[in-house]
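Both ligands and their constituent atoms are indexed starting at 1 by order of listing.
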Amino acid sequence: MTKQVKRIYLSSPHMSGKEQQFVDDAFQSNWIAPLGPHVDAFEKEIANYVKCAGAVAMCSGTAAIHLSLKLLGVGKGDTVFCSTLTFVASANPILYQDADPVFIDSEPLSWNMSPAALKKALIHAKSMGNLPKAVIVVNLYGQNADMDSLLAICNEYNVPVIEDAAESLGANYRHKASGTLGKFGIYSFNGNKMITTSGGGILVSDDLDALEKARFWATQARDPARHYEHSEMGYNYRLSNILAAIGRAQLQVLDERVTARRAVFERYDSELGHLDGIQFIPEASYGRCTRWLTALTIDPTKVGVSASQVIDELALYNIEARPVWKPMHLQPLFKQYPYFIHGDSSISDVLFKNGICLPSGSNLTQEDQSFVIDCFKRAIGSDK
Ligand SMILES: *Cc1c(COP(=O)(O)O)cnc(C)c1O
């Protein structure tokens, strides 16, 4: 096999071709502003798509998480629970609010927040008289967490849930859209997500008063007055009209993007899933995943090589594969914060150690998929 020159990316932007028309419209009307008609329309269209009362478009998913924490009154010295197996953007906003994170392990079925670990953490928090102000539940790799179980536990302790659905726009949980099961949900439109505005995010909720407040904070907290009057600290967190224009065109093809990513997953699974020691991330029966990234684990005792060796080998063929997110409780940034595990040992540690994400873009060609599969087999020595 000769080294391929073209790089195969993990998840690259996939334009539909209609984005340019929307952007041209924004230019022609000279709405080159961090607000405008495309922002308003994009918010309505997202809210309609996920069947929520409203939405506030922001410059990033991280900003949306930040303001949802602020809406829940999270402040200095408060505690916020968060899935450990995630991208750092889920947890950083806890620090922005001077609050203290507590990390919760994954369960093996969905890789998402373990109801058992959550329960343990809440029992402990209650005994210390320090219940969290919020729980951030992440829907990893496009799969919803087991929200019925998680919400039942949180409701018992009266703790609101923020759903970090950055990777799961287009997925569902028992016929509800992923991201709409908690008090607040957030989606990301970063370049590598299900759909993109190049950069952006959105906050969704059925609580329109709360959304209005978020919109106020995100627009520099300008009090209603002709002059610039401010009684609260604000942020410059709104999404530009140009980027919202891109998002509107992208949203039109979201369902196709989900289908395409699911097909990529199926192809990998059908060609590699039967190999001894290879285990693809399961799809829980309660919902449909977006398969944002195809993730799998490699048992080094059965396969003979580690996930990290496979990633190195794929890199030789210019294929971008990545480890599974490094859990937050293992990050130097968060090492002093508590962590609660699923059972007798940490599940997320093993998923990180053995996990690998394969190129999963909705624009990945059949040919590229075949190449990745061949190189993967070669990397684990099953091509002979
Ligand atoms: C991408 C991502 C975010 C952050 O979104 P940005 O729009 O990049 O700020 C948050 N959480 C998870 C799980 C993500 O994958």
Short side-chain to backbone donor-acceptor contact, [X] and [Y], under 3.5 Å:
X      : Y      : value
Ser83  : Val138 : yes
Arg238 : Ala57  : yes
Lys120 : Ile341 : yes
Arg288 : Arg174 : no

Residue [X] vicinity, atoms of ligand 1 by number, heavy atom under 4.0 Å:
X      : result
Ser90  : 11 (N), 13 (C)
Gly200 : 7 (O)
Asn190 : 8 (O)
Thr86  : 13 (C)
Ala89  : 3 (C), 4 (C), 10 (C)
Ala166 : 2 (C), 3 (C), 10 (C), 11 (N), 12 (C), 14 (C)

Given Leu181, which partner from the list Val161, Asn144, Leu150 fulfils the side chain to side chain contact (heavy atoms under 4.5 Å, CB included) test?
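Considering Val161, Asn144, Leu150, a side chain to side chain contact (heavy atoms under 4.5 Å, CB included) with Leu181 is found only for Asn144.
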
Which residue and atom name correspond to the protein heavy atom nearest [atom], and how close is it?
atom                    : result
atom 14 (C) of ligand 1 : Lys193 NZ, 3.3 Å
atom 13 (C) of ligand 1 : Glu167 OE2, 3.3 Å
atom 11 (N) of ligand 1 : Asp164 OD2, 2.7 Å
atom 5 (O) of ligand 1  : Ser188 OG, 3.2 Å

N or O contact, [X] vs ligand 1, cut-off under 3.5 Å:
X      : answer
Ile186 : no
Trp325 : no
Trp292 : no

If you measure from each non-hydrogen atom of Thr62 to ligand 1, which part falls under 4.0 Å: side chain, backbone, both or neither?
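The answer is both.
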
Go through it in stages, so that I can follow the logic: the residues are Phe265 and Leu293, the test is side chain to side chain contact (heavy atoms under 4.5 Å, CB included), and I'd like the CA-CA distance, side-chain angles, deciding distance and then a yes or no.
CA-CA 8 Å; Phe265 181 97; Leu293 293 186; over 6 Å; no

Drop me the distance from Ser360's OG to Arg261's CZ, to the nearest 0.5 angstrom.
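Between Ser360 OG and Arg261 CZ, I get 7.0 Å after rounding to 0.5 Å.
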
Hey, what's the ring geometry for His329 with Tyr339, parallel, tilted or perpendicular (30° and 60° as the breaks)?
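Parallel: the ring planes of His329 and Tyr339 meet at under 30°.
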
Would you call the rings of Tyr141 and Trp325 parallel, tilted or perpendicular, taking 30° and 60° as the class edges?
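It falls in the parallel class, under 30°.
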
